[in-house]
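Just so it is clear, the structure is predicted and the values come from calculations on it, not from any experiment.
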Amino acid sequence: MSVIVAPSILAADYLNLADQIQLVEKAGAKYLHIDIMDGDFVPSISYGPEWVKQIKASGSQLVLDVHLMVNHPEKIVDVFAKAGADIIGVHVEATAHIHRVLQMIKNAGSRAEVVINPGTPVSSILPILYMVDQVLVMTVNPGFGGQKFLPQEITKVAELNQYKKDHDLHFDIEIDGGVNDKTVIDAYKAGVTVAVAGSYVYDKLDPAAKVQKLIEVTDFAID
């Protein structure tokens, strides 16, 4: 069994986005990671819900994994759910009402994900892990692509994986930032089930081969 690969369109060629999505889907990717950035919670600004709507309407079978890097996500989760987001991730640092926001996501019909930054401990999300479908551990500081993987964050993955086993929970564990065919191996061994890869996949060389490489190296990582 291998990791689920979630290519991030943040690093894709926007002028040829349909082809870029089709390439990774045919190569074996199961998710498509879509970073929504507001210029406030993080310095960068990216897409709106219309991007999600258009990708959903394109006929792709990829799970649309929408990562809200925005302050007060409760204001927009319904909009992205209606646009077609299959998974909606919200940062625990971005809202005073994480429980309410996760409830809103699930009530809107999407899967709920909680996200933690490198400076945020796993303990901050323990009270709500019973209600999430996925946890995203940021392995870089959010807001920019092309950053170096922070290996210290693997300890959070292992902690989450152990908590999941101890409490008979079934959420996926995702990482995002600096993922490549080397960094993904230890993360996968620690319990990662979904790996976001942007710059590594969409480096203008061979996106399909990069997706296949991530699948291959994790397929044989655990005997």
Side-chain angles (χ1 to χ4, degrees), residues 4-91 93-95 101-102 104-115 117 133-134 136 138 140-147 172 174-177 179 194-204 207-208 210-211 214:
I4 295 170
V5 179
S8 171
I9 63 168
L10 190 64
D13 177 0
Y14 298 160
L15 293 180
N16 296 287
L17 188 57
D19 290 340
Q20 297 263 286
I21 293 172
Q22 189 177 60
L23 272 175
V24 297
E25 185 170 9
K26 287 183 176 179
K30 300 300 182 187
Y31 289 8
L32 190 70
H33 194 77
I34 304 173
D35 288 309
I36 309 300
M37 301 185 285
D38 65 354
D40 187 17
F41 182 70
V42 293
S44 301
I45 297 173
S46 63
Y47 336 102
E50 190 63 26
W51 283 65
V52 176
K53 184 178 180 180
Q54 293 296 327
I55 294 170
K56 178 62 89 174
S58 71
S60 171
Q61 297 303 303
L62 292 171
V63 173
L64 300 189
D65 180 19
V66 176
H67 175 192
L68 300 183
M69 288 185 271
V70 304
N71 278 319
H72 310 296
E74 56 270 20
K75 295 180 179 180
I76 60 171
V77 292
D78 283 340
V79 174
F80 279 94
K82 289 176 182 176
D86 297 297
I87 302 171
I88 298 178
V90 293
H91 280 257
E93 306 92 353
T95 177
V101 182
L102 295 170
M104 290 175 66
I105 294 169
K106 295 179 86 69
N107 288 342
S110 299
R111 284 182 263 167
E113 174 186 72
V114 65
V115 190
N117 283 335
D133 301 288
Q134 189 162 283
L136 171 52
M138 292 301 300
V140 298
N141 283 295
F144 300 99
Q147 297 183 63
D172 279 306
E174 182 176 54
I175 54 169
D176 181 4
V179 172
V194 184
V196 177
S199 300
Y200 173 74
V201 168
Y202 287 123
D203 62 359
K204 297 182 175 60
K210 295 299 181 63
V211 169
L214 291 173

Checklist outcome for this item: Here the gap from Ile55 atom CD1 to Leu17 atom CG, rounded to the nearest 0.5 Å, amounts to 5.5 Å
Next on the checklist: So does Asn141 get a backbone contact from the side chain of Gln147, meaning a donor-acceptor N/O pair under 3.5 Å?
Outcome noted: yes
Checklist entry - Do NZ/NE/NH1/NH2 and the carboxylate oxygens of Arg111 and Asp65 come within less than 4.0 Å? => result no
Checklist entry - Side chains of Met69 and Asp35: closer than 4.5 Å at any heavy-atom pair? => result yes
Next on the checklist: For Val63 versus Ile87, what's the shortest heavy-atom pair and its separation?
Outcome noted: CG1-CD1, 3.8 Å
Item to check | Tyr202 side chain to Gln20 backbone, donor-acceptor under 3.5 Å | outcome: yes
Checklist entry - Do Thr95 side-chain atoms and Pro73 backbone N/O form a donor-acceptor pair below 3.5 Å? => result no
Next on the checklist: Testing the basics here: between Ser199 and Ala11, what is the closest heavy-atom pair and its distance to 0.1 Å?
Outcome noted: N-CB, 3.6 Å
Checklist entry - Would a distance-only check, ignoring hydrogens and angles, find a side-chain to backbone donor-acceptor pair under 3.5 Å from Ser46 to Met37? => result yes
Next on the checklist: What verdict does the side-chain contact (heavy atoms from CB on, under 4.5 Å) test give for Val196 and Val179, after you've listed the backbone C-alpha separation in whole Å, the side-chain angles of each residue and the deciding distance to 0.1 Å?
Outcome noted: CA-CA 7 Å; Val196 177; Val179 172; 5.7 Å; no
Checklist entry - Nearest 0.5 Å, what's the NE2-CD distance between His67 and Glu174? => result 8.5 Å
Checklist entry - Do Tyr47 and Gln54 come close enough that some side-chain heavy atom pair is under 4.5 Å? => result no
Checklist entry - Could you give the distance from NZ (Lys30) to CD1 (Ile4), rounded to the nearest 0.5 Å? => result 9.0 Å
Checklist entry - So, for Val115 and Gly89, which heavy atoms are closest and what is the spacing to 0.1 Å? => result CG2-C, 3.9 Å
Checklist entry - Rounded to the nearest 0.5 Å, what separation is found between the CG atom of Leu23 and the NZ atom of Lys210? => result 13.0 Å
Next on the checklist: As a quick check of understanding, evaluate side-chain contact (heavy atoms from CB on, under 4.5 Å) for Trp51 and Ile34, giving each step before the final call.
Outcome noted: CA-CA 9 Å; Trp51 283 65; Ile34 304 173; 5.5 Å; no
Next on the checklist: Tell me the closest heavy-atom pair linking Val77 and Leu68, and the distance in Å.
Outcome noted: CG1-CD1, 3.8 Å
Checklist entry - Which distance, rounded to the nearest 0.5 Å, do you find between the OG of Ser110 and the CD1 of Ile88? => result 4.0 Å
Next on the checklist: Within this structure, what is the CG-CG distance for the pair Leu32 and Leu64, rounded to the nearest 0.5 Å?
Outcome noted: 6.0 Å
Checklist entry - Counting heavy atoms not belonging to Lys56, are there more than 12 under 6.0 Å from its NZ? => result yes
Checklist entry - Do the side chains of Asn117 and Phe41 get nearer than 4.5 Å, heavy atoms only? => result yes
Item to check | Residues Leu214, Tyr200; criterion side-chain contact (heavy atoms from CB on, under 4.5 Å); working and verdict | outcome: CA-CA 10 Å; Leu214 291 173; Tyr200 173 74; 3.7 Å; yes
Checklist outcome for this item: For Ala112 and Leu102, the nearest pair of non-hydrogen atoms, with its separation, is CB-CD2, 3.9 Å
Checklist entry - When you look at Asp133 and Lys106, which way does the side-chain contact (heavy atoms from CB on, under 4.5 Å) test go after all the steps? => result CA-CA 10 Å; Asp133 301 288; Lys106 295 179 86 69; 3.1 Å; yes
Next on the checklist: For Val101 versus Val90, what's the shortest heavy-atom pair and its separation?
Outcome noted: CG1-CG1, 3.8 Å
Item to check | Exam field: side chain Gln61 to backbone Gly59, donor-acceptor pair closer than 3.5 Å | outcome: yes
